[in-house]
Amino acid sequence: MYSEANFKSKLIHWFDENQRQMPWRETTNPYYIWLSEVMLQQTQVNTVREYYLKFINRFPTISDLSKAEEDEVLKYWEGLGYYSRARNFHTAVKDVDENHAATVPRDPEIFKKLKGVGPYTQAAVMSIAFDQPLATVDGNVFRVWSRLNNDNRDTKLQSTRKAYEIELSPYVQSQSGTFNQAMMELGALVCTPKNPLCLFCPVQQHCEAFEQGTVSELPVKSKKIKKKNVKQHVYIIKNLNDEVLIEKRKAKLLNNMWEFPMYEATASEGINQALNIDIPISTTPIKHLKHQFTHLTWDIDVFEAKTAVDHTKTELPEEMTWMKMTDKEMYNFPVSMTKIYEFIKKQF
DNA sequence: TAGACGTGGCA
DNA sequence: TTGCCAAGTCT
């Protein structure tokens with residue numbers, strides 16, 4: 001058994017010398033720290049940087065974000081993925097603005113009640129911004145801690161998370177924010193999923209898995225879900241003004257984002273029903289693409305409607321509109337639709 | 001509880 | 001090309 005203080009001291013010393021520069025590490029503003037933690041969920045640091053800087057530039061205060069329309073907030077999240085994070089963060093910030101005097105709560109129990117704040121975000125924001133004694137348990141910490149203890153418990157189980165939070169609590173009674181970030185940084189830079197740099201690890205002598213030669217087998221994760229494949233038909237409908245038809249999604253997936261009308265291949269007559277007009281559709285796809293999500297694949301055929309009908313005089317259903325090709329930045333599109341846009345842009 | 005929820009990087 | 005992984009949360 002090793003000294004807890006010795007382990008912590010070595011880890012923090014390594015962190016002081018080796019941590020990466022990040023814009024959110026140069027602020028003590030709890031709102032900015034909170035935003036960064038939301039953006040960093042399941043997302044790599046280098047991807048987040050630009051989004052973070054643009055976001056705080058446009059919404060520099062809680063009040064600014066609180067007053068914004070959801071469509072604009074989503075526009076600033078466009079391309080980052082997991083868009084419910086943006087909707088939930090917006091909701092939570094409005095909550096703070098209205099019910100907490102526009103001040104991020106210091107009480108972990110109150111903060112945890114906000115929309116989109118789970119155990120990780122609670123611990124991260126509370127420790128980094130307010131030095132509250134809570135341990136962050138994220139993917140990095142699961143990996144680092146399971147290896148340090150040669151622990152093969154399933155990290156997907158809630159019980160394992162709880163156990164880790166308790167086991168780590170002695171380390172976060174002081175300097176909690178620094179310790180938490182050091183654990184995560186070690187996981188990101190040294191104790192990596194593949195090819196970990198054990199020879200350069202500042203706490204190698206505390207690592208049971210290194211001693212036992214089991215590093216590559218940890219952490220243990222149980223569930224692997226198989227992707228479903230969904231065939232989709234997308235329709236590029238142009239009018240005589242060289243505008244193209246777009247539709248606002250009303251679904252859990254990519255909710256409230258725009259798309260070219262899309263129907264599952266098994267329901268592809270939907271476009272004619274929706275418009276209540278008979279649009280000639282090209283019989284062969286003008287483009288085929290696959291778009292990968294975590295849990296499914298869209299196998300997309302893109303069809304083009306060549307029509308002489310002046311659809312500008314046809315009344316459109318709710319949540320549909322004609323978009324000028326030069327106005328794409330006025331709408332928020334998922335990446336799959338941006339790919340299609342880039343293709344058809346050449347033809348206009 | 002297990003599956004839904006985006007996207008890009010990497011071996 | 002394919003599958004896993006990246007500072008998770010919601011239902």
Side-chain angles (χ1 to χ4, degrees), chain A residues 15 19-20 22-25 33-52 74 77-89 91-92 112-129 134-145 154-161 164-165 177 179-189 191-196 216 219-230 249 251-257 259 290-298 332-339:
Chain A
F15 179 65
Q19 66 169 301
R20 294 167 289 178
M22 301 177 193
W24 46 91
R25 285 186 172 160
I33 292 168
W34 180 13
L35 170 67
S36 74
E37 292 302 341
V38 174
M39 284 188 165
L40 285 163
Q41 290 168 17
Q42 302 292 285
T43 310
Q44 297 186 335
V45 166
N46 285 336
T47 304
V48 169
R49 290 182 198 276
E50 293 304 310
Y51 282 92
Y52 170 86
L74 278 175
W77 214 273
E78 183 185 65
L80 198 52
Y82 282 150
Y83 300 100
S84 63
R85 291 182 298 174
R87 293 189 290 269
N88 290 341
F89 183 61
T91 299
K112 177 71 167 61
K113 288 187 167 64
L114 295 166
K115 196 81 171 170
V117 176
Y120 167 77
T121 305
Q122 177 197 30
V125 175
M126 293 294 99
S127 65
I128 296 170
L134 294 171
T136 53
V137 181
D138 75 326
N140 289 306
V141 175
F142 272 125
R143 191 166 57 252
V144 170
W145 197 241
D154 183 357
T155 59
K156 289 300 181 188
L157 296 178
Q158 196 61 32
S159 55
T160 306
R161 161 186 289 283
Y164 279 30
E165 286 172 351
F179 177 81
N180 284 332
Q181 292 183 82
M183 287 285 282
M184 295 188 280
E185 196 78 334
L186 186 73
L189 298 182
C191 195
T192 49
K194 283 168 287 190
N195 308 317
S216 64
V220 173
K221 301 182 188 182
S222 61
K223 73 178 154 191
K224 286 166 193 147
I225 51 174
K226 39 191 165 185
K227 279 188 189 179
K228 290 172 184 171
N229 201 317
V230 181
R249 284 180 64 84
K252 280 186 289 184
L253 178 60
L254 302 169
N255 190 34
N256 286 343
M257 301 191 77
E259 67 183 4
K290 286 191 174 184
H291 187 79
Q292 305 287 343
F293 296 90
T294 302
H295 58 302
L296 62 85
T297 300
W298 277 351
N332 43 57
F333 287 96
V335 167
S336 52
M337 293 296 148
T338 297
K339 287 181 193 167

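Letters go in sequence order (proteins before strands), and every chain restarts at 1. The basis for the numbers below is simple: all heavy atoms, side chains too, and nothing from hydrogens, waters or symmetry mates.
Of the two residues near DNA chain B, A/S159 and A/Q292, the one whose nearest nucleotide lies more 5' is A/S159.
By the side-chain contact (heavy atoms from CB on, under 4.5 Å) test, A/P119 is found to be paired with A/K112, A/R161, A/E165, residues two or more places apart in sequence or in another chain being considered. Under the rule for a salt bridge (Lys or Arg N to Asp or Glu O under 4.0 Å), the partners of A/E185 that lie at least two apart in sequence or sit in another chain are A/R20, A/R25. For the ring pair (Phe, Tyr, Trp, His ring centres under 6.0 Å) test, no residue two or more places apart in sequence or in another chain qualifies with A/F15. By the side-chain contact (heavy atoms from CB on, under 4.5 Å) test, A/N88 pairs with A/S84, A/K115, sequence neighbours left out. Residues satisfying the ring pair (Phe, Tyr, Trp, His ring centres under 6.0 Å) criterion with A/Y52, sequence neighbours excluded, are A/W24. Not counting sequence neighbours, the partners of A/N46 by the side-chain contact (heavy atoms from CB on, under 4.5 Å) test are A/R49. In this view, A/S159 and A/L157 satisfy the side-chain contact (heavy atoms from CB on, under 4.5 Å) rule, not counting sequence neighbours.
Within the structure, a side-chain polar atom (N or O) of A/Y83 is placed less than 4.0 Å from OP1 or OP2 of B/dT7. Contact annotation: A/Q42 side-chain N/O to C/dG8 OP1/OP2 distance is under 4.0 Å. A sub-4.0 Å separation between OP1 or OP2 of B/dT1 and a side-chain N or O of A/K156 is absent.
Within a 6.0 Å radius of CG in A/N195, no more than 12 heavy atoms belonging to other residues, nucleotides or ligands are found.
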All N/O contacts under 3.5 Å from nucleotides 8-11 of chain B to the protein, with atom names and distances to one decimal?
none

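As judged by a 4.0 angstrom heavy-atom cut-off over every strand, A/L80 is placed among the base-contacting residues. As judged by a 4.0 angstrom heavy-atom cut-off over every strand, A/K252 is placed among residues touching the sugar-phosphate backbone only. Among the protein residues, A/R25 comes within range of the nucleic acid bases, having at least one heavy atom under 4.0 Å from a base atom. Residue-level contact check: A/W24 touches the bases, meaning some heavy atom is under 4.0 Å from a base atom. Contacts of A/M257 with the nucleic acid, taken as non-hydrogen atoms under 4.0 Å apart, are absent.
For A/W145 and C/dA7, the CH2 to P distance is 18 Å, given to the nearest whole Å. When rounded to the nearest whole Å, the span between CG of A/N88 and P of B/dG6 equals 11 Å. Going from atom NE2 of A/H295 over to atom P of C/dT2 covers 19 Å, rounded to whole Å. Straight-line distance from the CD atom of A/Q158 to the C1' atom of C/dT9: 11 Å, rounded to whole Å. Taking atom CG of residue A/N180 and atom C1' of nucleotide C/dA7, one finds them 10 Å apart after rounding to whole Å. If you measure from atom CG of A/L296 to atom P of B/dG6, you get 10 Å, rounded to the nearest angstrom. Atom CG in A/N256 sits about 14 Å away from atom P in B/dC5, given to the nearest Å. Between A/F293 atom CZ and C/dA6 atom P there is a gap of 22 Å when expressed in whole angstrom units.
You'll find that the side chain of A/R143 is closest to C/dA7, out of B/dA4, C/dA7, C/dG8. Here the nucleotide nearest the side chain of A/N140, chosen from C/dA7, C/dA6, B/dG6, is C/dA7. Checking C/dA6, C/dA7, B/dT1 against every side-chain atom of A/K221, the shortest atom distance belongs to C/dA6. Nearest to the side-chain atoms of A/P193 among the listed nucleotides C/dC10, B/dC5, C/dC5 stands C/dC5.
A donor atom on one side chain and an acceptor atom on the other are not found under 3.5 Å apart for A/Q41 and A/Y120.
Using P as the reference atom, C/dT2 and B/dC5 are 22 Å apart when rounded to the nearest Å. Nucleotides C/dT11 and B/dG6, compared at atom P, are 13 Å apart to the nearest Å. Separating the P atom of B/dA4 from that of C/dA7 is a span of 23 Å, rounded to the nearest Å.
Residues A/R85 and A/L80 come closest through the heavy atom pair NH2-O, 3.3 Å. Taking every heavy atom of both residues into account, A/L186 and A/V144 meet most closely at CD2-CG1, 4.0 Å.
Near DNA chain B, meaning a heavy atom under 4.0 Å away, there are no residues from residues 112-126 of chain A.
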